[in-house]
Amino acid sequence: KIPAATHGTARNMRTIAIQNLAVTSPSAIVPQTLSVTNVGCAGGNNGSATVGASGGVPGYVYNWNTGAYGPTANNLSAGNYQVTVRDANNCTKVHSVNVTQPQPLNGTSQTTGANCGDNDGLVMITPSGGSYPYSFNIGNGPQPVPVFTGLAAGNYTVTITDSHNCSKLVPFAIPDLPGPVAAAGPPQTIDCANAQVTLDGTGSGSGNNISYQWTTTNGHIVSGATTTTPVVDMPGAYTLTVTNLQTDCANTASVQVSQNTATPVADAGPSAELLCSLPELSLDGTGSSQGAHFQYHGRNPPPAPDRIAFY
């Protein structure tokens with residue numbers, strides 16, 4: 001309705017209607033991110049995002065570049081997403097939402113071997129990526145501490161689990177530390193020429209942390225029982241124990257000492273007499289001990305006066 005305004009004189013009255021028209025427009029659409037749930041595990045697609053809007057003319061419609069409709073988009077992997085907000089006047093505004101993910105869950109291991117078959121191996125796990133806190137399990141239930149002790153030599157797998165229930169399998173091996181080498185050397189023989197023999201354990205392990213101990217139950221050690229080269233003077237079995245003093249890990253080796261002190265047979269054969277008709281004789285020692293390891297020596301005693309004869 002146009003209001004009237006009256007101007008002029010009483011004799012000539014005119015009425016003029018004047019109206020002021022104001023043209024307005026709605027404010028711009030203002031999208032906003034209401035919430036974001038980031039991906040829990042690297043490479044997963046359990047992220048989600050919810051947006052809202054103000055301004056424009058209410059009656060908003062949301063179209064996501066994933067094909068989803070509505071203010072919330074689900075099953076999102078890590079990345080940047082666009083949502084187009086359309087109001088009741090068909091005006092639009094594009095809004096971006098970023099969904100992140102943690103670094104891939106991983107882990108490394110550092111091991112200490114098991115000594116001499118004992119259950120004293122150790123492993124320490126260092127986790128990375130994922131989401132803190134972590135738990136660790138090698139088959140006996142999860143634990144928050146990344147160290148396992150009392151392990152025998154062998155192959156293992158630890159499962160690392162983070163706060164989002166992401167998991168990573170990390171294999172590791174506990175090596176077997178067999179201890180120092182024990183070598184007692186070759187067999188020895190005590191004989192008439194060698195009343196004592198020296199055993200040879202020099203092929204054993206060596207070092208500042210290595211000790212040696214020779215023992216016997218039926219022989220006799222003259223000296224050097226705590227060295228690699230003891231002296232013995234009786235036949236028997238001798239055992240060398242080599243010990244690593246740091247780990248208390250030990251190995252043993254044995255050697256046999258035999259004895260051969262039987263005197264050889266010396267048989268010069270039957271007696272014979274030199275005659276004028278028989279100036280030479282062949283002596284017969286074939287009744288003596290024989291073999292490649294025997295030597296034969298003869299000697300002529302000086303003639304005695306009572307053995308001189310004239311013919």
Side-chain angles (χ1 to χ4, degrees), residues 1-10 12-108 125-137 141-146 157-170:
K1 181 178 181 181
I2 300 176
T6 303
H7 300 276
T9 64
N12 186 17
M13 298 293 293
R14 293 182 180 179
T15 300
I16 301 174
I18 300 175
Q19 181 182 22
N20 293 322
L21 299 177
V23 178
T24 62
S25 62
S27 61
I29 301 172
V30 181
Q32 58 182 328
T33 301
L34 299 181
S35 66
V36 174
T37 300
N38 292 314
V39 175
C41 303
N45 64 343
N46 62 337
S48 65
T50 299
V51 300
S54 61
V57 179
Y60 308 108
V61 176
Y62 304 89
N63 295 326
W64 294 82
N65 63 340
T66 62
Y69 292 93
T72 300
N74 294 309
N75 303 319
L76 301 179
S77 57
N80 190 267
Y81 297 89
Q82 287 75 45
V83 57
T84 300
V85 182
R86 187 181 303 274
D87 69 2
N89 275 350
N90 208 33
C91 299
T92 61
K93 182 70 174 181
V94 176
H95 181 64
S96 294
V97 178
N98 189 49
V99 177
T100 64
Q101 66 179 0
Q103 291 295 316
L105 180 60
N106 211 335
T108 58
I125 305 298
T126 302
S128 61
S131 303
Y132 182 85
Y134 309 99
S135 67
F136 309 87
N137 189 352
Q143 65 179 48
V145 179
T157 298
V158 59
T159 301
I160 306 174
T161 305
D162 70 3
S163 61
H164 288 160
N165 207 35
C166 310
S167 62
K168 175 68 176 181
L169 301 180
V170 178

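We number each residue from 1, following the sequence as shown.
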Of all the heavy-atom pairs spanning [X] and [Y], show the shortest one and how long it is.
X: G40; Y: S131; result: O-OG, 4.5 Å
X: Y134; Y: G129; result: OH-O, 2.5 Å
X: P58; Y: A88; result: O-CB, 3.3 Å
X: T157; Y: L169; result: CG2-CB, 3.9 Å
X: A78; Y: V39; result: N-CG2, 3.6 Å
X: G55; Y: S27; result: CA-OG, 3.4 Å

Review point. Which pairs count as side-chain hydrogen bond (donor to acceptor under 3.5 Å, both in side chains) when at least one residue sits in residues 56-66, sequence neighbours excluded?
Key: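 Qualifying pairs, neighbours excluded: N65-Q82.
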Check your understanding: Between T159 and N137, do the side chains contain an N or O donor and an N or O acceptor separated by less than 3.5 Å?
Key ->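 No, because no side-chain N or O of T159 sits under 3.5 Å from a partner of the opposite role on N137.
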Exercise for review: Answer yes or no: is there a donor N or O on one side and an acceptor on the other, between the side chain of Q143 and the main chain of S135, under 3.5 Å?
Suggested key: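 Answer holds: no.
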Point to revise | Sidechain-backbone polar pair: N89 side chain, C91 backbone, donor-acceptor under 3.5 Å | key: no
Cut-off 3.5 Å, no hydrogens considered: what does the side-chain donor-acceptor table look like for residues 29-36, sequence neighbours left out?
unit_1 : atom_1 : unit_2 : atom_2 : d
T33    : OG1    : H95    : NE2    : 2.8

Check your understanding: Do P127 and F136 come close enough that some side-chain heavy atom pair is under 4.5 Å?
Key ->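 Yes, at least one pair of side-chain atoms sits under 4.5 Å.
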Review point. Is the closest side-chain heavy-atom distance between P133 and S163 below 4.5 Å?
Key: yes
From [X] [atom1] over to [Y] [atom2], what is the distance, rounded to the nearest 0.5 angstrom?
X: Q103; Y: N106; atom1: CD; atom2: CG; result: 11.0 Å
X: C41; Y: K168; atom1: SG; atom2: NZ; result: 12.5 Å
X: D162; Y: I160; atom1: CG; atom2: CD1; result: 9.5 Å

Side-chain donor-acceptor distances from residues 70-77 under 3.5 Å, at least two apart:
unit_1 : atom_1 : unit_2 : atom_2 : d
T72    : OG1    : T50    : OG1    : 2.8
S77    : OG     : Y81    : OH     : 3.4

Practice item. Report the C-alpha distance between V51 and V97 in whole Å, list the side-chain angles of each, state the deciding distance to 0.1 Å, and finish with yes or no for side-chain contact (heavy atoms from CB on, under 4.5 Å). Key: CA-CA 9 Å; V51 300; V97 178; 3.8 Å; yes
